[in-house]
Novice: 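If you scroll down you'll find the structure; I have some questions about it.
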Amino acid sequence: MSNTELPKTYNPREVEDKWYQYWEENKYFHARLDKKRQPFSIVMPPPNVTGQLHMGHALDNTLQDILTRWRRMQGYNALWLPGTDHAGIATQAKVEEQLQKEGTNKYELGREKFLERVWDWKHQYGSRITTQLRKLGSSCDWDRERFTMDEGCSKAVQEVFINLYKAGLIYRDNYIVNWCPHCRTTISDIEVEHSEKPGHLYHIKYPFKDNPHQYLVIATTRPETMLGDVAVAVHPEDHRYSHMVGRTLILPLVGREIPVIADAYVDPAYGSGCVKITPAHDPNDFEIGRRHQLPQVQVIGKDGCMNEQAGEKYRGMDRYQCRRQIVKDLEEQGLLVKIEDNPHSVGHCYRCDTVVEPMISKQWFVKMKPLAEPAIQAVKDGRIRFIPQRFTKIYLNWMENIRDWCISRQLWWGHRIPVYYCQQCGEMAASKEPPAGCPQCGGKMEQDPDVLDTWFSSALWPFSTLGWPEQTEDLEHFYPTSVLVTGRDIIFFWVARMIFSGLHHMKEVPFKEVFIHGLVLDAQGRKMSKSLGNGVDPLEVIESHGADSLRFMLVTGNTPGNDLRFHFERLDKSRNFANKLWNASRFALMNLDDYDENADRGELTLADRWILSRYHNAVKEVTDFLERYELGEAARVLYDFSWSELCDWYIELIKPRLYGKTAPRDRAAAQHVLVTVLRGTMELLHPFMPFITEEIWQHLPHKGESIMLQAWPEYDPELRDLEAENAMSLVMETITEIRRIRGEMKVPPGKVAETILVAADENSRSILAENTGYVQELAKAEVNIKESLAEKPEQAAMGVARGVEVIVPLKGLIDIDKEIARLKKELQNIEKELQRVQGKLNNQGFLAKAPAEIVEKEKAKEKELLGKQTVLAGRLKMLQ
RNA sequence: GGGCGGGUAGUUCAGUGGGAGAACGCUUGCUUGACACGCAAGAGGUCGGAAGUUCAAUUCUUCUCCCGCCCA
């Protein structure tokens, strides 16, 4: 392809799929096990198998891909292991929805047929999200793709369950759990989201049995639960009530006799100081009930409606309908004292937002204390490090206050609990295979109908995906993984559970570092959600702006751990950047027809030495920032370097040489430096923008099959050339000064401006003398350098750059008034600066205590300012 | 109630114990042999408020106000 045929604007759609296919077909993502090389491994947080890519995934996977591509280029044996999650409730709910549309339901189908339907669903949609991850450019090892319900992961789940069961760390108990009446399953404590809701506090009279005219007033937010009351509690030291402890009350509407008990849990200041106790429908009451051996009366059923224990009148009513009825009935009987407004926190199901019903139920739990202990230790002693560090505290605080984990779910889709119950004697046995018969009586055994919490299997992800419980080579080489990248919203759900699981089953941490990122919010700062309809579809963005732009936008202008608002303007910025890179390369290619790497080259010029120095500075900074997980800063360095230094200056500076206005050897040198720096810049940018960098790199002179297999650019201190940087900035500032004067004095763009540069300093003079070409070319100026100038032309505009007087004679063109105004303003600024600097230099404390180099710097600054002031003030005087 | 994050240019956000930055927007001028998704020049900020530490604070400490999140 002829290079000059490259289109003017970069079109990502034409190249992205092509390169992804090329990479994947050539197995460049595949991590061939190589024990000689240092491993770098990441396991991908598995998205829901039937889900769709959202911005959160896009961010999470972009970060992982950047780290993986970078480490791979650095020579690590880099593995990024992808996979999907079976997502119990979510997936089951989708299939149930489907069935409903067909006019049937899972019960009609039966468990087996239903599960077939879910697998069908999984097969139909399971590749959707992985295809979408490819669109993003994810360089994960698809040969090792896993699924939480595949054979290996399922084996790991069974193994873990049985291990924990045998160790006494899994138990079954009748306990108060969170029940979602909509999802019809239990959920764990962290799956309950609390939110403040307007509500009421109802004050109700509970009369004494021995004296119906005497009563206690209790306060409750949920009057419907009174049907399940078994006691009224007061604080033991509450003198108002303590003498009543032991007496009996008659529960209104029900007529049940219930005792007055004393418990320190009661807050005497809340409500009336008397609390009704409903062990079956409140976690705190449950605990009190256990302490006092009270009965448990369950009055709300699994459908969220009142059951037969609620009494004939209320039975079948929905809990809220019942609440209204109870209030009405109490009022009629004169037992309702008052109703107060009382906003309070209500628990909702994280999946469907239904108000959760606390309920007593026989469920499986993981005993957390013994598991949490080592997990706390691993983070405390630094075997696992959180980035940013502040998440350490959040993690520890949660781990230290952890409660047992309810792991059974009343679902069909998931890992079925590997426990069998004897139908005859009730014996219970945990086993991978169905037992032939009861070990006690030989009776028939049946498996527990419930499945495990989805997070139970994802907790094993870092080792189950590497082959555990088999002792595979992958496991040996890649475990523990290097870093886990995930959102701050699943630290508890997932990160914490992987840590204790890894420590318990592998005896080693699952990862050494946890890189936490924030959430992608909409432009107004709201969480993107389906119900709000404010989500931005990454695939649409990729379609319109390209995956590289999306990726670049997601990592720039953001700090680790902080949320990120999605602004389309920022996307444009990234797209413009991609286009800039594209055009810089297009320009390079238009001037490389005769490029020969081994051609006889002229000496490097100042511009060459300068850009090489700046490039190596960028190499160092980018690498350092990546090491520190400052991905946004690394990207910023590359953006600034590419645009401001490489494009705006270097390319402009070498144009005369490329256009053959100087010796051919000079052209060859310019070509060489341009190719070197541009190619290196593409390599540095490749982890961030994999597609466009590959496309450009392939067009540039190169060796090798793909940019992604290139060695990461190495910082060469030999090429850092501070002298060149210094000299170049004098040239650049001089050019800028002339341009400014031209602009302000309205010198026509085409007109060459005669310019006198007066430099008393010999070094400056020689730098300018050697580089007049640059000034002439970029400032369109005819330059005349002088050591001093006795007679300064009156019809001229003037400025100072680094001690060099820049004089542009403008006979007939100059607007003296304008020049005077400008000089005055500049002098004012200088005055202000001088005041600050001299204030410091006159301060004895500063001179005595500040580091010598700082003092020197301030002195140099003062000198420069004074020089500038003298020149400009003199000029002003002359014009006035 | 406890914890965390944020408050910096008109807007969205970086950043820092020693001369306040970017993008977009704005003003002015440019079809300059890569790019108008561009080039050049420019205007614009008491870095939320108060006190303290320091030679020096936008940056560190304390208090305080506002916004957001998490936990109880």
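Per chain, numbering begins at 1; letters A, B, ... match sequence-line order.
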Novice: Take a 6.0 Å sphere around NZ of A:K620 and say whether it holds more than 12 heavy atoms from other residues, nucleotides or ligands.
Specialist: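 Open: at most 12 neighbouring heavy atoms sit under 6.0 Å from NZ of A:K620.
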Novice: In whole Å, what is the span from the CG atom of A:L554 to the P atom of B:A14?
Specialist: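 Nearest whole value for this atom pair: 14 Å.
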Novice: Within this structure, what is the CG-to-C1' distance between A:L564 and B:G68, rounded to whole angstrom?
Specialist: 15 Å
Novice: Give A:I394 one of three labels, base, sugar-phosphate or nothing, depending on what nucleic acid heavy atoms sit under 4.0 Å from its own.
Specialist: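 No contact at all - A:I394 keeps every heavy atom at 4.0 Å or more from the nucleic acid.
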Novice: Say we look at B:C35 and B:C30: how far apart would their C1' atoms be, to the nearest angstrom?
Specialist: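 To the nearest whole Å, 15 Å.
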Novice: May I ask you to say what A:N401 touches in the nucleic acid, namely base, sugar-phosphate or nothing, with a heavy-atom cut-off under 4.0 Å?
Specialist: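 Nothing, no nucleic acid heavy atom in range.
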Novice: Check every strand shown and say whether A:A584 touches a base, only sugar-phosphate, or nothing at a heavy-atom separation below 4.0 Å.
Specialist: base
Novice: Let me know the distance between OH of A:Y639 and P of B:C13, rounded to the nearest Å.
Specialist: 17 Å
Novice: Determine which nucleotide pairs with B:A40, using a 3.5 Å limit on both distances of a Watson-Crick or G-U wobble pair.
Specialist: B:U28
Novice: Classify A:K527 by what it touches in the nucleic acid, base, sugar-phosphate, or nothing, heavy-atom distance under 4.0 Å.
Specialist: nothing
Novice: Looking at every non-hydrogen atom in both residues, tell me the closest pair between A:N591 and A:Q671 and how far apart they are.
Specialist: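 In this case the closest contact between A:N591 and A:Q671 is O-NE2, 2.9 Å.
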Novice: Output yes if the stacking criterion (under 5.5 Å between centres, under 30° between planes) is met for A:W582 over the base of B:A34, else no.
Specialist: no
Novice: Rounding to the closest angstrom, what is the interatomic distance between B:A40 and B:U31 at atom C1'?
Specialist: 15 Å
Novice: With heavy atoms under 4.0 Å as the rule, sort A:K857 into base, sugar-phosphate or nothing.
Specialist: nothing
Novice: Taking N and O atoms by type only, does the side chain of A:K580 place a donor or acceptor under 3.5 Å from a partner on the base of B:C35?
Specialist: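 Between B:C35 and A:K580, which were checked side chain against base, a qualifying N/O pair under 3.5 Å is present.
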Novice: Of the listed nucleotides (B:G38, B:G29, B:C39), which one gets closest to any side-chain atom of A:N576?
Specialist: B:G38
Novice: For the pair A:M55 and A:M528, evaluate side chain to side chain contact (heavy atoms under 4.5 Å, CB included) and give the outcome as yes or no after the intermediate values.
Specialist: CA-CA 9 Å; A:M55 273 304 162; A:M528 288 186 181; 4.0 Å; yes
Novice: When all nucleic acid strands are considered with a 4.0 Å heavy-atom cut-off, which category describes A:K861: base, sugar-phosphate, or nothing?
Specialist: base
Novice: Quantified in whole Å, what is the C1' atom distance between nucleotide B:U53 and nucleotide B:G44?
Specialist: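 Nearest-Å result for B:U53 against B:G44 at atom C1': 34 Å.
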Novice: Measuring to OP1 and OP2 of B:A41, would you say a side-chain N or O of A:R739 lies under 4.0 angstrom away?
Specialist: yes
Novice: What's the NZ-P distance between A:K8 and B:C37, to the nearest Å?
Specialist: 10 Å
Novice: Using whole Å, report how far CZ of A:R565 lies from P of B:A23.
Specialist: 21 Å
Novice: NA contact type, A:K746, heavy-atom cut-off 4.0 Å: base, sugar-phosphate, or nothing?
Specialist: sugar-phosphate
Novice: Separation of A:R575 atom CZ from B:G38 atom C1', in whole Å?
Specialist: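 So the CZ-C1' distance, A:R575 to B:G38, works out to 12 Å.
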Novice: When you check the side-chain N and O atoms of A:S188 and A:E191, is any donor under 3.5 Å from an acceptor?
Specialist: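 Yes, A:E191 and A:S188 have a side-chain donor paired with an acceptor closer than 3.5 Å.
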Novice: Nearest 0.5 Å please: distance from the OG1 atom of A:T693 over to the CZ atom of A:F688.
Specialist: 11.0 Å
Novice: For B:G38 and B:U32, measure between their P atoms and round to the nearest Å.
Specialist: 16 Å
Novice: Determine the Euclidean distance between corresponding P atoms of B:U64 and B:G2; express it in Å to zero decimal places.
Specialist: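 Rounded to whole Å, the distance is 11 Å.
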Novice: Taking the P atom in each of B:U58 and B:G49, what is the distance between them to the nearest angstrom?
Specialist: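 These two P atoms come out 10 Å apart once rounded.
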Novice: Got A:M553 and A:K573 here, is their nearest side-chain heavy-atom distance under 4.5 Å?
Specialist: no
Novice: Closest to the A:N562 side chain: B:C55, B:G5, B:C24?
Specialist: B:G5
Novice: Which nucleotide, B:G18, B:G44, B:C24, lies nearest any side-chain atom of A:K825?
Specialist: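 Of the options given, the side chain of A:K825 lies nearest B:G44.
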Novice: Could you tell me how far B:C69 sits from B:G17 if I compare only their P atoms? Round to whole Å.
Specialist: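 The answer is 30 Å between these two P atoms.
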Novice: Hunt down the Watson-Crick or G-U wobble partner of B:G52, both distances under 3.5 Å, from any strand shown, or write none.
Specialist: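 In the structure as shown, B:G52 has B:C60 as its Watson-Crick or wobble partner.
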Novice: May I ask you to say what A:R488 touches in the nucleic acid, namely base, sugar-phosphate or nothing, with a heavy-atom cut-off under 4.0 Å?
Specialist: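 Sugar-phosphate contact only - A:R488 comes under 4.0 Å of backbone atoms but never of a base.
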Novice: From the options B:G15, B:G19, B:C55, select the nucleotide whose nearest atom is closest to the side chain of A:A850.
Specialist: B:C55
Novice: Look at the side-chain N and O atoms of A:T556 and state whether any lies under 4.0 Å from the OP1 or OP2 oxygen of B:A22.
Specialist: no
Novice: Between A:R836 and A:C647, who's closer to the 5' end of RNA chain B by nearest nucleotide?
Specialist: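 The residue mapped nearer the 5' terminus is A:R836.
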Novice: Given B:A34, B:G29, B:C39, which nucleotide is nearest the side-chain atoms of A:N583?
Specialist: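 Between B:A34, B:G29, B:C39, the one nearest the side chain of A:N583 would be B:A34.
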Novice: Applying a 4.0 Å non-hydrogen cut-off, can you work out what A:T559 is touching in the nucleic acid: base, sugar-phosphate, or nothing?
Specialist: sugar-phosphate
Novice: Determine the contact category for A:W649: base if any of its heavy atoms lies under 4.0 Å from a base atom, sugar-phosphate if only primed atoms, P, OP1 or OP2 are that close, otherwise nothing.
Specialist: nothing
Novice: Could you tell me whether A:Y659 contacts a base, only the sugar-phosphate backbone, or nothing, with contacts defined as non-hydrogen atoms closer than 4.0 Å?
Specialist: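 A:Y659: base contact, heavy atoms under 4.0 Å.
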Novice: Under 4.0 Å: is that the gap between some side-chain N or O of A:R586 and OP1 or OP2 of B:C35?
Specialist: yes
Novice: Roughly how many Å is it from CZ in A:F568 to P in B:C37, rounded to a whole number?
Specialist: 19 Å
Novice: Could you tell me whether the side chains of A:Q835 and A:E831 share a donor-acceptor contact shorter than 3.5 Å?
Specialist: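 No, no side-chain donor-acceptor pair sits under 3.5 Å.
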Novice: Is the phosphate of B:G3, meaning OP1 or OP2, less than 4.0 Å from a side-chain N or O of A:K393?
Specialist: no
Novice: Does A:W398 or A:R570 map to a spot on RNA chain B nearer the 5' end, using the closest nucleotide for each?
Specialist: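 Nearest-nucleotide comparison on RNA chain B picks A:R570.
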Novice: Measure from the side chain of A:R636, starting at C-beta and using heavy atoms only, and say which of B:A14, B:G42, B:U54 lies closest.
Specialist: B:A14
Novice: Applying the Watson-Crick and G-U wobble criteria at under 3.5 Å, what pairs with B:G17? Answer none if nothing qualifies.
Specialist: none
Novice: Would you say the base of B:G25 and the side-chain of A:K573 have a donor-acceptor pair closer than 3.5 Å?
Specialist: no
Novice: Would you indicate what A:S585 reaches in the nucleic acid, counting non-hydrogen atoms under 4.0 angstrom: base, sugar-phosphate, or nothing?
Specialist: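 It contacts nothing in the nucleic acid.
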Novice: Report yes or no: is there a donor-acceptor pair, N or O only, under 3.5 Å between the side chain of A:E652 and the base of B:A34?
Specialist: yes
Novice: Hey, are the side chains of A:F846 and A:V855 touching, using non-hydrogen atoms and a 4.5 Å cut-off?
Specialist: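 The answer is yes; the side chains approach within 4.5 Å.
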Novice: At 4.0 Å (heavy atoms only), tell me whether A:N843 reaches a base, stays on the sugar-phosphate, or touches nothing.
Specialist: sugar-phosphate
Novice: If I pick the P atom on B:C4 and the same atom on B:C37, what distance separates them, to the nearest angstrom?
Specialist: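 Taking atom P in both B:C37 and B:C4, they lie 47 Å apart.
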Novice: May I have the distance from A:E633 (atom CD) to B:G21 (atom C1'), rounded to whole angstrom?
Specialist: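 Taking CD of A:E633 and C1' of B:G21, I get 11 Å after rounding.
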Novice: Counting only heavy atoms not in A:R403, do more than 12 sit closer than 6.0 Å to its CZ atom?
Specialist: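 Not more than 12 within 6.0 Å, no.
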Novice: For atom CD of A:E287, is the number of surrounding heavy atoms from other residues, nucleotides or ligands below 6.0 Å larger than 12?
Specialist: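 Check passes, neighbour count above 12.
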Novice: Between B:G29, B:G18, B:C37, which nucleotide gets closest to the side-chain atoms of A:N579?
Specialist: B:C37
